[in-house]
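This report concerns only the one structure given below.
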Amino acid sequence: MRAHLLIHDRRGFFRGVAVLTLLGLPAFARGQALAVSPFSAQVEKQAAEMRRKMTLEEKVGQLVQFPNGGTRGPDGKGIDQNELVARGGVGSLMNPPDAGAVNAFQKQAVEKSRMKIPVIVAMDVIHGYRTIFPVPLALSASWDPGLVEKTSRVAAVEATSEGIRWTFSPMVDIARDARWGRIMEGAGEDPYLGALFAAAAVRGYQGKDLSDPTSMVACVKHFVAYGGAESGRDYNAVDMSDRTLRDVYFPPFQAAVDAGAGSLMSAFSSLQGVPASANHDTLTDVLRGEWGFRGFVVSDWNSVGELINHGVALDGETAARKAVTAGVDMDMGSGLYGENLVKLVRSGKVPERAVDEAVERILRVKIAMGLFSHPYTDETRSKTVLLAPEHVALARRAAEESFVLLKNDPISGGAPALPLADGKTVALIGPLADSAGDMLGGWEGRGQGSDVVTLKQALAGRLKDKLVYAKGTEIETDSEAGFHDALDAANRADVVVMALGESRGMTGEAASRTKLDLPGNQLKLLEAVAATGKPVVLVLFSGRPLALPWEAAHLPAILEAWFPGVQAGPALVDTLYGESNPAGKLTASFPRSVGQEPLYYSVMNTGRPVNPGNPYVTRYIDELTTAQFPFGWGLSYTKFDYSPTKITTPAAHVKELNGGAAITVEATVTNSGARAGEEIAQLYIRERGTSVVRPIRELKGYQKILLKAGESRLVRFMLTKRELGFWNIDRKQTVEPCELTVWVAPHSEAGQSSQMTIAP
Ligand code: NOJ
């Protein structure tokens, strides 16, 4: 159960419904069997009946997915896709250019193929289709799953207008290593938050009813633990304990399944020595057996073929056999199902039941989507929905909600560096100030640079001749040719805004880094500009946490803008000038040094916790162990004070908690500043005296509240077995007797704790 609260935005307008996670995660019980199905009994029956009428060849055809255009056969020769579709050899097509192409394929499928089964058309619609929103990591910094539900809905409305009814999103992989470029695509390091965002995205894409032509089937990825890649290097092997899997990496997937996700994608990576796309334990025992998932699993691109590279298959036939019997229903791109499954079944190497189950899972989704009754896309709709004004307005709001004010010190003992005062001349410097394409971030769907309003454009609109601009340098270069102009601009201004960071190609798939600094010579430029003595505000663009020790020590203000999407400029100008008061908080820790990675707040204490003065403890000899900016961190233009945390439940027993009792925790948050602002009050717990080691802190609730200047609000949280339970030494999801410490805090390293005993 969740409570909802109406909240108002910083300008006082009604802003919608914010989820208050008073009672923890949505319908979500880890490790327990769940009968969750978005499919009615009627849909299940229809799928089974249809399957019974199909030939083996037709059934295998449904398990095949190809990209638009580029299909090749085993001999390497191109295959006529129309002909393939017409003979029922394709179940899904990805990346079509437009609605016309989708309709042409559907015509082949529904009018020419014997079974008349429509194809399901897919694309990576990750953070918007044409109206591009901030990248997912940025959106998660809003701590507002309701916002992600809305951005996902808009993405679905736009994408479906061009025939895309299935998106390879959300990516719900927990990411604890900022070197991993795909950290940009998820909701950060925490399972509690990750689960909320996973469910919200599914609800947004799929809408109320999958058969609505504006509904898009979600594909939750990458199952599972892909974010745990060793060394933060994409595609690398993953090795972690079952406990970490259960407590940390599974929850967002299970929440998405609970929310009714129609499909999942199996990961590229191996887990405990078993490639995710041939892993019966995870794909069948856990996903279907424990969680009751009734949709279908698609492989990642060629991940069936890559079983050979992993070394668990020597040929395509074995790879196809291992994948389909493990539970991968659809083969994305390798062609190995199409080439091998018929003969594998005929020779008895793959039971026909495995193919039958896979087909039924896919048919269920197609039936529930209403594809049989309305296979075609209305080719006129896209004109009215792509970049509709309300979509663009949502992009602006989403960007504002995602910004995180990392630092904001007073300048020369006066007012804080931000917000900027009106009437001053501003020097805008940096390679990202006017780089429209970069604002879109990676996986930009059908987004175009020409849709973007850059920071330079928006600032010029506001400041007219009080803006001086110099690019200064490129994102990655050694050339200092632009430094002179940049210094000149700084010298002519009262204040400098530096727009620095990564290019959009530096995060996302296959974009891992070993350095987490500003690329190229951007830091050198920044140091030179700061040496002019002008106050410098850094606006940072990135798809991952960066390690910025010099910047954190020397600059008065840093605003993390991520890759903000089409409304980057207007949202930034609103924020820089204080019309919008930043309220975002980090969902991934910012390190002091890349050598600290993987870095996350929710660590185990060790037998030798940090203890200043004692060298034989867990530490580095050349760096602190803490984050530069920790999980949950984010400042506001106003100030919030927290009362001590109070537990208002006098006693608790495991037995009562298992029977549904709750522990109540509360604190009062006061806006002690001079203006209204939103605060994200966070509930953390620690359990000691347990059968296994528990993290030093775990997020178990939060409330995003708007407080007027001077206003106080009591925030109250309930801890139930859902929040207190964990995968214990007996491999059971349970609450144990323990000493419980709780904090209601502004971030993961703050707060005044309170304690109680949970008795047997
Ligand atoms: C590979 C990526 O890992 C996956 O996330 C994506 O959905 C597919 N390619 C399809 O583009």
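The figures here come from the full heavy-atom set of this structure, side chains too, leaving out hydrogens, waters and symmetry mates. Counting begins at 1 with the first residue of the sequence. Remember, it's a predicted structure, so these values are computed and weren't measured experimentally. Whatever order the structure lists them in is the order used to number ligands and atoms, beginning at 1.
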- request: Among all protein heavy atoms, pick out the one at the shortest distance from atom 11 (O) of ligand 1; state its residue, atom name and that distance to 0.1 Å.
  value: Asp124 OD2, 2.5 Å

message: Which of the numbered atoms in ligand 1 are under 4.0 angstrom from any heavy atom belonging to Lys221?
response: 4 (C), 5 (O), 6 (C), 7 (O)

query: Would you say Arg182 touches ligand 1, if touching means a heavy atom closer than 4.0 Å?
result: yes

- prompt: Are Arg87 and Glu83 close enough for a salt bridge, meaning some N to O gap below 4.0 Å?
  reply: yes

field: Polar atom proximity, Trp301 to ligand 1 (N or O, under 3.5 Å)
entry: no

task: State the atoms of ligand 1, each with its element, that fall below the 4.0 Å cut-off from a heavy-atom position in Asp300.
output: 1 (C), 2 (C), 3 (O), 4 (C), 6 (C), 8 (C), 9 (N)

message: If the test is salt bridge (Lys or Arg N to Asp or Glu O under 4.0 Å), which one of Arg288, Arg364, Lys59 qualifies with Asp329?
response: Arg288

message: Can you tell me if Met265 contacts ligand 1 (heavy atom of the residue under 4.0 Å from the ligand)?
response: yes

query: For ligand 1, which atoms, with element, lie under 4.0 Å from some heavy atom of Phe268?
result: 1 (C), 3 (O)

message: I need the Ile120 CD1 to Gln106 CD distance, nearest 0.5 Å.
response: 9.5 Å

query: In terms of side-chain geometry, is the basic nitrogen of Arg544 or Glu502 positioned less than 4.0 Å from the acidic oxygen of its partner?
result: yes

query: With a 4.0 Å heavy-atom cut-off (strictly under), which part of His222 contacts ligand 1: side chain, backbone, both or neither?
result: side chain

task: Determine whether Val90 and Gln65 make a side-chain contact, defined as any pair of heavy atoms from C-beta on separated by less than 4.5 Å.
output: no

- request: Scan side-chain atoms only and decide if Asp281 and Gln272 contain a donor-acceptor pair under the 3.5 Å cut-off.
  value: no

query: Checking side chain to side chain donor-acceptor pair (under 3.5 Å) for the pair Glu509/Tyr235: CA distance, chi angles, key distance, verdict?
result: CA-CA 9 Å; Glu509 190 180 345; Tyr235 314 125; 2.6 Å; yes

task: May I ask you to check if ligand 1 and Glu185 share an N or O to N or O distance below 3.5 Å?
output: no

